[in-house]
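These notes are about the structure you will find just below.
The basis for the numbers below is simple: all heavy atoms, side chains too, and nothing from hydrogens, waters or symmetry mates.
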Amino acid sequence: MAIINKERKYKWEFDNIGGASRVRISKGEDIRHLAELDPKMWTVLSCPVKGLEIDDKSLAYIDNDADGKIRVNDIIATAEWMTGALKNADLLLEGKDHIDIEQFADNESGRKLHDSAKQILGHLSKEGSVISLADTSDSAAIFAQTRFNGDGVITEATAEDADDKAAIAAAVASFGGVADRSGVQGVNAEMIENFYKALADYVAWQESAVEAPFGDGTDAAIEAYNALDAKVKDFFMRSRLAAFSPDSTAALDVQTSRIEAISSENLTGKTDDIAAYPIARVTGKAEIDLSEPVNPAWAAQFETVKALIKDKKTLTEADWAEIGARFAAYTAWKGAKAGAEVEALGLDAVKDFIARNRKEALLSLVAQDSALAEEAANIDMVDKFLHIYRDFARLLRNFVTLNDFYAKDKAVAAIFQSGRLIIDQRECRFCMKVTDMAKHNASAATSGMFLIYCDCTTKTSAEKLNIVAAVTVGGIGDLIVGKNAVYYDNAGTEWDAVITKVVDNPISVAQAFWSPYRRMAKAIENLISKNAADKDAKMMADANAKINAAPATLPAAAPDGKPAAAPPFDIAKVAGIFAAVGVAVGMIGTALSGLLKGLFALKWWQLLIVFAGIMLLISGPAMVMAWLKLRRRNIAPLLNANGWAVNAASKISIPFGETLTDVAKFPKMKLKDPYKKGMAGWKKLLISIVCLALVFAALWLFDLLAFINLPSPL
């Protein structure tokens, strides 16, 4: 249904929420005029009916076209119905689960709700004029004491005549029944028609019965015959083929090799193998000698059929066909059975139900019950009204605006906030269920927030849950993939959570200040680790090479058999090395001397400015970028990834972000670590003085204090 833009005559009030202007829904008249609100001013244009922290039944009632989405038109239509049914639309803002039926408006919609609610209270034998969701939640209790409830299903309690009651019970026993609104099994018009048709069909079938050719043993004989039919016909085909080709008789008969293959095993477990052998020994004669044994896997069935032809000594193919022909008519009659649903009642009972013929009386009861369908629907409408009456205002606060998300009261949460995550001495209150991880992967980084995705499991359910939590306070710490945490949903259920993905964005400006140093330290650590690993690998490779090449690199012996003399010491080479080292140290010393001379030439406050400038040069860009990103933090990408259509930016400012994550705060205490070895104060002072003296001595010896008239004695 297309959105109809109407001329805006209603005077709206607005708030600045989450960095955007949003309409204020503060009274019933605001809800009554939602149809006049420009859709461009709505914060949300659609949201899913699943996965929200609001009653699924309420959302299903509001979803008028049942497309799985709550849209602007669904909200408008619901607002018009709810405000039109109430005398005072302000009641919708209270979010209560009960209402005094005298608050329904004096119009068609209000009167229907009033009368239906009054009827429910009467059915429940409740006094007063207040009806609640608890009263409408159990339809079985509402209709337990009524004969007719408008669902087109009648039960034994509906009928007053004993024959009617018996017919209903028989129909339910035969066809299984249909659940009545009262919760009892009953029958509807279609089932009554089918019941009486089955009665007539069963009697007609019984009256056309064919005499059983073999008396009481006919059914057993037919079953045995059908089981043997293919096997016996196979035997006669083998016999004809053996007569045609006598040399093939042995191949067509039971082969000894097949029996030998299973003879060493327990033959009781080889029935299938034995059953595959011919029914009788193949000799080339197209007959079975009834005095000879047959395949033991088929012996029981063969004995049953054999009893039908006691006067014969052999069984030919014609004899076999004749046996089948004798019960063909009986088999056809059995196959045409009709009305099998009522067979368990017994033929006499079936005929008695036909003779009493309560079909029209039962259909009349169904018609009387169906006549109250509108009244019953109105009772269902009361349940719909109460669900929406309780939850509609909350939905508006999360749809037209996002007031619940930006509420200062921490006890108030948006309908997309699913719980809280406890991790790294923090409680993250902005947690959402993830319905589509692929969409979140594509849009999570654009939210500008530091996000951690977790897989959650609980011992109370086999269900698995994916959530995303925003960290808005503190440092990165140990927030890495694989870290465990605990998640509590809004119902209080405890889940074991493990981080599966981290989206790295600034958490705070202070955290960004130290980020260059952390990266530098990490880079240095990685470089040292890499160099150490490379040197260790090179050392091991050189050692292995030397060990492997040892026999080939032994010093050659002198002609007289004595070991070769070591090469003479090259003093010039050593002197060159020391000279190079000296030059390098001199250059470094000169550079340090110039740097220190320049620094010591500055006043103390100038030194502070220099150090502050250096730190600002290093951390400034990261802090500026963090500040810009923190101002752009937006939850819209996360909601959109979950199927929402967010129509306005929903930013998380720095002050607001600090309310979404709580950090553990310990009282100020002076606690002693029992495992920490303390050191006396005078010892710490002495060590500090010695260290400073060593530094001063090193600077003096390397002539780095010449600028203050302290030349090196060297």
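At a threshold of 4.0 Å, the pair Arg358-Asp164 counts as salt-bridged, since one of the basic side-chain nitrogens sits closer than that to a carboxylate oxygen. Looking at Asp30 and Lys11, no side-chain N of the basic residue comes within less than 4.0 Å of a carboxylate O on the acidic one, giving no salt bridge. At a threshold of 4.0 Å, the pair Asp106-Arg111 counts as salt-bridged, since one of the basic side-chain nitrogens sits closer than that to a carboxylate oxygen. In this structure, Asp55 does not pair ionically with Lys57, as no charged nitrogen and carboxylate oxygen lie closer than 4.0 Å. For Glu108 and Lys112, the salt-bridge test passes: some basic side-chain N is under 4.0 Å from an acidic carboxylate O. With respect to the salt-bridge test (charged N to carboxylate O, under 4.0 angstrom), the residues Lys27 and Glu29 do not qualify. Lys69 has no carboxylate O lying under 4.0 Å from a charged side-chain N of Asp65, or vice versa, which leaves the two without a salt bridge. Here Glu160 does not pair with Lys165 in a salt bridge; the nearest charged N to carboxylate O distance is not below 4.0 Å. Remark: Asp404 engages Arg397 in a salt bridge, criterion side-chain N to carboxylate O under 4.0 Å.
Under 3.5 Å, the side chains of Ser129 and Asp100 contain a donor-acceptor pair of N or O atoms. Counting only N and O atoms by type, the side chains of Asn149 and Asp180 include a donor and acceptor under 3.5 Å apart.
Relative to the six-membered ring of Trp495, Lys459 misses at least one condition, a distance below 6.0 Å or an angle of at most 45° to the axis.
Separation of atoms CG (Asn403) and CG (Leu396) is listed at 10.0 Å; rounding is to 0.5 Å. Expressed to the nearest 0.5 Å, how far NZ of Lys651 lies from CZ of Phe656 amounts to 14.0 Å. Going from atom NZ of Lys384 over to atom CE of Met381 covers 8.5 Å, rounded to the nearest 0.5 Å. Between the CD1 atom in Ile154 and the CG atom in Leu365 there is a gap of 5.0 Å [rounded to 0.5 Å]. Interatomic distance, Ile120 CD1 to Leu124 CG, rounded to the nearest 0.5 Å: 7.5 Å.
For Ala338, the side chain to side chain contact (heavy atoms under 4.5 Å, CB included) partners two or more places apart in sequence, or in a different chain, are Asp201. Contacts of Lys351 classified as salt bridge (charged side-chain N to carboxylate O under 4.0 Å, His left out), with partners at least two apart in sequence or in another chain: none. By the side-chain hydrogen bond (donor to acceptor under 3.5 Å, both in side chains) test, Thr661 is found to be paired with Thr472, residues two or more places apart in sequence or in another chain being considered. Applying the side-chain hydrogen bond (donor to acceptor under 3.5 Å, both in side chains) criterion to Asn107, with sequence neighbours excluded, gives no partner residue. Under the side chain to side chain contact (heavy atoms under 4.5 Å, CB included) criterion, Ser461 pairs with Thr458, Glu463, not counting sequence neighbours. Arg420 is linked by a side chain to side chain contact (heavy atoms under 4.5 Å, CB included) to Ile422, Glu427, Tyr488, counting only residues two or more places apart in sequence or in another chain. The side-chain hydrogen bond (donor to acceptor under 3.5 Å, both in side chains) check on Asp662 picks up Lys410, with sequence neighbours excluded. Taking Ala189 as the reference, Leu363, Val366 meet the side chain to side chain contact (heavy atoms under 4.5 Å, CB included) condition, with sequence neighbours excluded. Taking Glu127 as the reference, nothing meets the side-chain hydrogen bond (donor to acceptor under 3.5 Å, both in side chains) condition, with sequence neighbours excluded.
Of the possible polar contacts, one joining the Asp369 side chain to the Asp151 backbone as a donor-acceptor pair under 3.5 Å is found. Not a single donor-acceptor pair under 3.5 Å links the side chain of Ser364 to the backbone N or O of Glu360. Between the side chain of Asp455 and the main chain of Val498, no donor-acceptor pair closer than 3.5 Å is present. Side chain of Asn647 to backbone of Thr43: no donor-acceptor contact under 3.5 angstrom is found. Distance alone, capped at 3.5 Å, places no donor-acceptor pair between the Asp135 side chain and the Ile131 backbone. Of the possible polar contacts, none joining the Asn188 side chain to the Val153 backbone as a donor-acceptor pair under 3.5 Å is found. The backbone N or O of Leu395 lies less than 3.5 Å from no partner atom in the side chain of Asn398, so there is not a single donor-acceptor pair. Between the side chain of Asn640 and the backbone N or O of Ala636 there is at least one donor-acceptor pair closer than 3.5 Å. With hydrogens and angles ignored, the 3.5 Å screen pairs no side-chain donor or acceptor of Asp436 with any backbone N or O of Gly643.
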Check: Checking ring-ring contact (aromatic ring centres under 6.0 Å, His included) for the pair Phe104/His114: CA distance, chi angles, key distance, verdict?
Finding: CA-CA 6 Å; Phe104 288 119; His114 177 277; 7.0 Å; no
Margin query: Quick one, Tyr10 with Trp12, criterion ring-ring contact (aromatic ring centres under 6.0 Å, His included). Give me CA distance, side-chain angles, the key distance, then yes/no.
Written below: CA-CA 6 Å; Tyr10 185 71; Trp12 297 97; 4.8 Å; yes
Notebook entry, point to check: side chain to side chain contact (heavy atoms under 4.5 Å, CB included) between Tyr487 and Cys454: does it pass, once the steps are laid out?
Noted result: CA-CA 9 Å; Tyr487 170 70; Cys454 299; over 6 Å; no
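Side-chain contact between Ile101 and Lys118 is present, with heavy atoms from C-beta onward closer than 4.5 Å. No side-chain heavy atom of Val412 sits less than 4.5 Å from a side-chain heavy atom of Tyr406. Residues Gln206 and Leu347 are in side-chain contact: their nearest non-hydrogen atoms beyond the backbone lie under 4.5 Å apart. Looking at heavy atoms from C-beta onward, Met449 lies out of side-chain contact with Val471 at the 4.5 angstrom threshold. A heavy-atom distance below 4.5 Å is found between the side chains of Ser174 and Leu345. Between Ser650 and Arg22, some side-chain heavy-atom pair lies under the 4.5 Å cut-off. In this structure, Asn441 and Lys501 have side chains that are in contact, with non-hydrogen atoms separated by less than 4.5 Å. Residues Ile168 and Thr158 are not in side-chain contact: their nearest non-hydrogen atoms beyond the backbone lie 4.5 Å or more apart.
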Solution key, residues 84-92 side-chain donor-acceptor pairs under 3.5 Å, sequence neighbours excluded:
unit_1	atom_1	unit_2	atom_2	d
Lys87	NZ	Glu102	O	2.9
Asn88	OD1	Asp90	N	3.1
Asp90	OD1	Gly28	N	2.5

Below 3.5 Å, can you tabulate the donor-acceptor pairs from side chains in residues 428-435 to any protein atom, sequence neighbours excluded?
unit_1	atom_1	unit_2	atom_2	d
Arg429	NE	Thr659	O	3.2
Arg429	NH2	Thr659	O	2.6
Thr435	OG1	Asn642	OD1	3.1

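Outside the 6.0 Å centre-distance limit, the rings of Phe392 and Phe385 are not counted as a close aromatic pair. Taking the six-membered ring for Trp and the full ring otherwise, Tyr196 and Phe353 have centroids separated by 6.0 Å or more.
Under the salt bridge (Lys or Arg N to Asp or Glu O under 4.0 Å) criterion, no residue pair touches residues 443-454, with sequence neighbours excluded.
In the displayed structure, Glu190 atom CD is contacted under 6.0 Å by at most 12 heavy atoms of other residues, nucleotides or ligands.
Ring orientation note: the planes of Trp42 and Phe399 are nearly perpendicular, at an angle over 60° on the 30°/60° scale.
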